[in-house]
Novice: 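I have a structure here, written as structure tokens, and I will follow up with some questions on it.
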Amino acid sequence: MSIVDFGSFVVDLTSRSKGFPVPGQTILGNSFRYGPGGKGSNQAVAAHRAGADVTFVTKLGKDAFGQIALDFYRKEGMNTDYILEEEGLSTSVAQIMVDEESAQNAIIVIIDACGKISEQDVEKCRKLVESANILLLQHEINMDAQYRVIDIAHRAGVRIVLNPAPAAPIPDEIMAKIDIVTPNETEAEVLTGIHVANAADARRAAECFLKKGVRQVVITLGAMGAYAFDGVREELLPRIPVEAVDTTGAGDAFNGGFAMALDAGMDLFTALRYGNVTGALSVTRYGTAPAMPTREEIDRLYAATYGTK
Ligand SMILES: Nc1ncnc2c1ncn2[C@@H]1O[C@H](COP(=O)(O)OP(=O)(O)O)[C@@H](O)[C@H]1O
Ligand SMILES: [Mg+2]
């Protein structure tokens, strides 16, 4: 059993200030933090902490920001054999401005190294991908590399889980190779045209994905919980009541916990519960990767919420 997560690494550079600067203006902010981010990386960390055997594939520049990734994965005890590096490229960054008064944010993401994954890079990972039980993907790397990886995995019979975030159009021939899609409600709306506000909407959006050849559909609904449909059975799980302090990275936590459970051989609806538990725990803490819960915490909340299997 193993998961290969092929995705993005981005350093989050977060400044907090009172209000935003207007064009031409310089303001003094209140605090600055930086740390590992990117949906691919966050989901790999979540699955690893949840107890899965995960190999994360991404590409970094040979720069100080890339070192942040390597240091973090080594500290976590994660496999770094497939963290590619390329001289002359920059590790991707996200400049995040948070207005402490309105709690709004404004973000500029610069995808460089992890958006320049070449055909040769993908070939280096062919055997790894072919030997995976689950391939976990998002939408933050270059699409040509993404499609090559999907093709390799599909031919090898590897189960493909795509978290289509941020939402981007997916060609029909690619969609037909995906086993499970896991959009949130806004991504589901962009991809299907259906505004998802309740279980009936989620069902209609899920049917759209199934019509395109996807085998199973999960739609995460933020504070409304999470939904799954396999063409026969459907379930809307309410959110687990926790005290939410920071919901960024909830979807990444969900996907990591969900993938761990699938990899361990659990069915779609049990994996949905693990995702719901992992997402809930992540919102009780600040940050993304550092906020991912451990297997022990997941098992405790799972048992308290759903009982023991
Ligand atoms: N306020 C919350 N309380 C409990 N669980 C939450 C909360 N917000 C999110 N979650 C959990 O995290 C999952 C993913 O959150 P969601 O907002 O749908 O993803 P994204 O971060 O991609 O927008 C939800 O399906 C739910 O399981
Ligand atoms: Mg959300």
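FYI, the numbering just counts along the sequence from 1. Order of listing sets the numbers, starting from 1, for every ligand and every atom in it.
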Novice: As a test of reading the model: which residues have a non-hydrogen atom less than 4.0 Å away from ligand 1?
Specialist: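 These residues qualify: Asn184, Thr220, Leu221, Gly222, Ala223, Gly225, Ala226, Arg239, Ile240, Val242, Ala244, Ala250, Gly251, Phe254, Asn276, Gly279, Ala280, Val283.
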
Novice: Check each of Lys59, Lys116, Lys62 against Glu86 using the salt bridge (Lys or Arg N to Asp or Glu O under 4.0 Å) test, and report the only one that passes.
Specialist: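 Only match with Glu86 under salt bridge (Lys or Arg N to Asp or Glu O under 4.0 Å): Lys59.
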
Novice: Heavy atoms only: give me the nearest Asp5-Ala44 pair and the separation to one decimal.
Specialist: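 The answer is OD2-N, 3.1 Å.
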
Novice: Decide yes or no for Val98 and Ser17: does some side-chain heavy atom of the first lie under 4.5 Å from some side-chain heavy atom of the second?
Specialist: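 Not touching, per the 4.5 Å side-chain cut-off.
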
Novice: Taking the side chain as every heavy atom from C-beta outward, state whether Ile96 and Tyr34 have any atom pair closer than 4.5 Å.
Specialist: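 They are not in side-chain contact.
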
Novice: Is the NZ atom of Lys212 crowded by more than 12 outside heavy atoms at less than 6.0 Å?
Specialist: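 Counting other residues, nucleotides and ligands, NZ of Lys212 stays at 12 neighbours or fewer.
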
Novice: Would you confirm whether the ring centroid of Phe56 sits within less than 6.0 angstrom of the ring centroid of Tyr82?
Specialist: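 Aromatic pair excluded; centres sit 6.0 Å or further apart.
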
